[in-house]
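Below: the structure, in structure tokens.
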Amino acid sequence: MNLSTPCYDLGKFPNVYEPSEDTFLFLDALEADAAYLKSTKPEIIAEVGSGSGVVITALYQIFGTSCAYFATDINPQCCLATTLTSKLNNSRVECLTMDLLINFKPALFDVILFNPPYVVTDSQEMSGLGLNRSWAGGNYGREIIDKLIKNLPNLLSKKGVCYMVLLKENCVNDIVEMAKINGFESEIVIQRKIPGEHLYVYKFFRSV
Ligand SMILES: C[S@@+](CC[C@H](N)C(=O)[O-])C[C@H]1O[C@@H](n2cnc3c(N)ncnc32)[C@H](O)[C@@H]1O
């Protein structure tokens, strides 16, 4: 299945992350794994940190009206941008300003997508609700990533799967180990070296 990048317009949203190499790698991973995703017959899909909204809107190309689509972002401008992108592409995504997925009821989601702020920074750089929240990941770039991984057992449905962008400096093997302790197997869907970054998209799914 060919997953094209949805149209978007960030003209009114200067504090929203412009789709970049990591975003396009994420789209390539979802395209490559579309057959598997379809085989799980998802009904509820969520993207954490949707930014411009192109990733969750692209999934609408695969599943159309057979799924409900939710997005969250800590930055309120991102929710406006995601809603606009959804509209521009005749999709239907509900975006809420929220920390991760903390206000949803447990075990709701069949698919969770997250291209997190993964850059290694001081923890202080993670303050506020602006563009810095797109990249500032704190210690090992892992402060937000670890929170979501640890909460996966409460967020995903029984058949649920989570796709996440990770950076080599995040110490991916430690993340894989942490997921295992929480009951999840993992696999690399795609990886790419771009100038200055070695990026992965990992898939996390329940151990049988
Ligand atoms: C690297 S950007 C990715 C944006 C978009 N998904 C993409 O792939 O282009 C990370 C996004 O996560 C959001 N974010 C950071 N921390 C968050 C949190 N605790 N809860 C929800 N969203 C968060 C940021 O505001 C930003 O929009």
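Both counts, for ligands and for their atoms, begin at 1 and track the order of listing.
Using a 4.5 Å heavy-atom cutoff, the side chains of Y17 and T23 are in contact. By the 4.5 Å heavy-atom criterion applied to side chains, V165 and P116 are counted as neighbours. The closest side-chain heavy-atom distance from D99 to K147 is below 4.5 Å. Side-chain contact check for D22 versus W135: every heavy-atom pair is 4.5 Å or farther apart. Looking only at side-chain heavy atoms (C-beta outward), N132 and M126 stay at 4.5 Å or farther from each other.
Considering backbone and side-chain N/O atoms, D99 comes within less than 3.5 Å of an N/O atom of ligand 1. Looking at ligand 1, you won't find any N or O of D22 less than 3.5 Å from one of its N or O atoms. Considering backbone and side-chain N/O of E47, one or more are found under 3.5 Å from N/O of ligand 1. Not one N or O of T72 is nearer than 3.5 Å to an N or O of ligand 1, by distance alone. Between G49 and ligand 1, a contact under 3.5 Å exists for at least one N or O pair. Below 3.5 Å of separation, one finds no N or O of Y17 facing any N or O of ligand 1.
Among protein heavy atoms, the minimum distance from atom 20 (N) of ligand 1 is reached at L100 N, 2.8 Å. Among all non-hydrogen protein atoms, the one lying nearest atom 8 (O) of ligand 1 is N115 ND2, 2.9 Å. At the top of the distance list for atom 15 (C) of ligand 1, counting protein heavy atoms only, stands R133 O, 3.2 Å. Looking only at protein heavy atoms, the nearest one to atom 1 (C) of ligand 1 is S134 O, 3.1 Å. Ranking the protein heavy atoms by distance from atom 7 (C) of ligand 1 puts T23 OG1, 3.5 Å first. Scanning the protein heavy atoms around atom 27 (O) of ligand 1, the nearest turns out to be D73 OD2, 2.7 Å.
Evaluated by nearest non-hydrogen atom to atom 16 (N) of ligand 1, the leading choice among I74, V55, V48, T82 is I74.
Residue contacts with ligand 1: F26 is excluded, as none of its non-hydrogen atoms falls under 4.0 Å. Note on ligand 1: C78 sits in its first shell, one or more heavy atoms being nearer than 4.0 Å.
Within the listing of ligand 1, atoms 20 (N), 21 (C) sit less than 4.0 angstrom from a heavy atom of M98. Of all the atoms in ligand 1, the ones that sit under 4.0 Å from a non-hydrogen atom of S50 are 5 (C), 6 (N).
When the options I56, V111, T82, T57 are evaluated for a side chain to side chain contact (heavy atoms under 4.5 Å, CB included) with Y69, the one that passes is I56.
Aromatic ring pairs are classed by plane angle as parallel below 30°, tilted from 30° to 60° and perpendicular above 60°; the pair H198 and Y200 is parallel.
Residues F109 and F104 bring their aromatic ring centres within 6.0 Å.
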List the steps, then state whether side chain to side chain contact (heavy atoms under 4.5 Å, CB included) holds for I181 with M178.
-> CA-CA 5 Å; I181 290 165; M178 181 190 297; 5.6 Å; no
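Cation-pi geometry between K203 and Y36 is met: under 6.0 angstrom from the ring centre, within 45 degrees of the axis.
Contact record, Y118 with N170: O-ND2, 3.0 Å, taken as the closest heavy-atom pair.
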